[in-house]
Amino acid sequence: MSSRIIAVAPFDLVIFGGAGDLAFRKILPALYQRHRDGQIPPVSRVIGVSRRAMGDERYRAAAREALGRYVGEADRDAAVVETFLKRLHFLSIDAEADAGWDDLARLLKPDRERIRAFYLAVSPELYGIIAAKLGAMGLVRSDTRVIMEKPIGHDLRSAMAVNDAVGRVFDESQIYRIDHYLGKETVQNLMALRFGNALFEPLWNDAHVDHVQITVAESIGVEGRGGYYERAGALRDMVQNHLLQLLCLVAMEPPTYMDADCVRDEKLKVLRALKPIDASNAAGAIVRGQYRAGAKAVFPAYTQEVNNADSKTETFIALKAEISNWRWAGVPFYIRTGKRMPVRVSEIVINFRAIPHSIFAVGAGAIEANQLVLRLQPDEGVMLWLMIKDPGPGGMRLRYVPLDMSFAEAFGARSPDAYERLILDVIRGNQTLFMRRDEVEAAWQWIDPIAEAWQQSGEAPKPYPAGTWGPSAAVALIERDGRTWHEDGG
Ligand code: BG6
């Protein structure tokens, strides 16, 4: 069946942080793409809000420039860009003061027919303040939605405080906590593959899977976000959310239905089954790294980028997670993520067990264990690595080959950015790909003891040259168990 574009109901989307990096880089380009496909009804409006003083026209000019930069040339059509820009409005509001709120109320009030969504793309300290103000102004109706960007808190306590504050105004059914990894095409495909085929599920357990690897490697550094990153580090920036969410989708039990609570209930069980890592075992289970200047100093060191020679913030993590339940006990999940790696690659690799006995002569060649590789980016696709007979005459020689399903090639379709799907899911009222409060808090519950263990030890992260795969200890972490990192990813 080819893809169908179904228009969503008319909406007003108010973006707090509307003139910020995320809005220009991701949110507006995503909305433009959906507009271009005719999925957004003509009356829908996008209202950028920020402390800055600028009118609609200046905002539209800034958005035009951003679309020029962040939307691929093939997708940019000058006339369509102009019709999209007409949807944009701008209001100057200081979240912590009173000015500007009446203007927002005036702009929103007249129309009760539209779905109303508030996107909080600002610092999380402001989430509660903005929610309270929206409540006090009477702008929150029972069908109003709020979208929260990560990070939600810095640890369990602060996450609970943010959730409490927003929860005083919005019901959980109105709250959409974004983890944009859940909107990625291959992540969706993981679910299609697992639950749309009878083939994999019987093998999806400790009897047939040797181990799982999840790699999210980035070639970029901290890109001017040093202030935030210094407080977060790779643990809070990537592991607490994106990597744990991927792990949950691989490891969860089949949900009864593909609906929000069924899926989130299953993910939550995985988070709660994660074996704790704390001061007693962190040294053997986790490697932290920080990039130094690269070879020939092409890239500066992290400490130079953030202008803090003493920084102990990690820009790389490799860890071995274990899930204490019947399906996964004894199957390690090796996770790694880092900035300034040699390439940008995100992938999940399911490594199946080796065959129990070979019937082939030694000369037939080595028999590799099967691997299912789900590549999230770049070149999204799924590959199943199998042994086959080397074609042609010459006796039985074996060859390890991928059954390749690269989506771009197979379907020739542009793969939508995660934000396109997620923002429209908010309008559609579908929370399946958003994190529920208890999930976020369970993730922090697992992360906090790790962060505490590091703080207690006072140890600095291990250095690695920018443009490499992290400290050698990360290789040792997996090789100690007689395994190696998947080579496409390292
Ligand atoms: C964000 C992190 O959530 O994800 C960034 O804060 C990171 O540090 C980004 O660069 C990676 O997202 P993607 O989609 O480019 O892999």
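Counting starts at 1 for both ligands and their atoms, following the listed order. Note that these values count all heavy atoms, side chains included, but never hydrogens, waters or copies made by symmetry.
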Any atom of ligand 1 sitting under 4.0 Å from a heavy atom of Lys150?
yes

Taking distance alone, with no angle check, do Ser346 and ligand 1 share an N/O pair under 3.5 Å?
no

Would you confirm whether the ring centroid of Phe316 sits within less than 6.0 angstrom of the ring centroid of Tyr291?
no

How about CG on Asp171, more than 12 heavy atoms from neighbouring residues, nucleotides or ligands closer than 6.0 Å, or not?
yes

For atom 2 (C) of ligand 1, tell me which residue out of Asp179, Ile178, Asn241, Asp237 has the closest non-hydrogen atom.
Asp237

At under 4.0 Å between heavy atoms, is it the side chain or the backbone of Arg344 that contacts ligand 1, or both, or neither?
side chain

Kindly determine whether Trp328 and Phe333 satisfy ring pair (Phe, Tyr, Trp, His ring centres under 6.0 Å), including the steps that lead there.
CA-CA 9 Å; Trp328 294 118; Phe333 282 64; 5.4 Å; yes

Can you check whether Tyr334 and His211 have ring centres sitting under 6.0 Å from each other?
yes

Give the ring-plane orientation class for Tyr419 versus His180, where under 30° counts as parallel, over 60° as perpendicular and anything between as tilted.
parallel

Is the closest N or O pair between Tyr229 and ligand 1 shorter than 3.5 Å?
no

Among Glu149, His242, Lys339, His180, closest by any non-hydrogen atom to atom 13 (P) of ligand 1
His180

How far is atom 9 (C) of ligand 1 from its nearest protein heavy atom, and which residue and atom name does that atom have?
Glu218 OE2, 4.0 Å

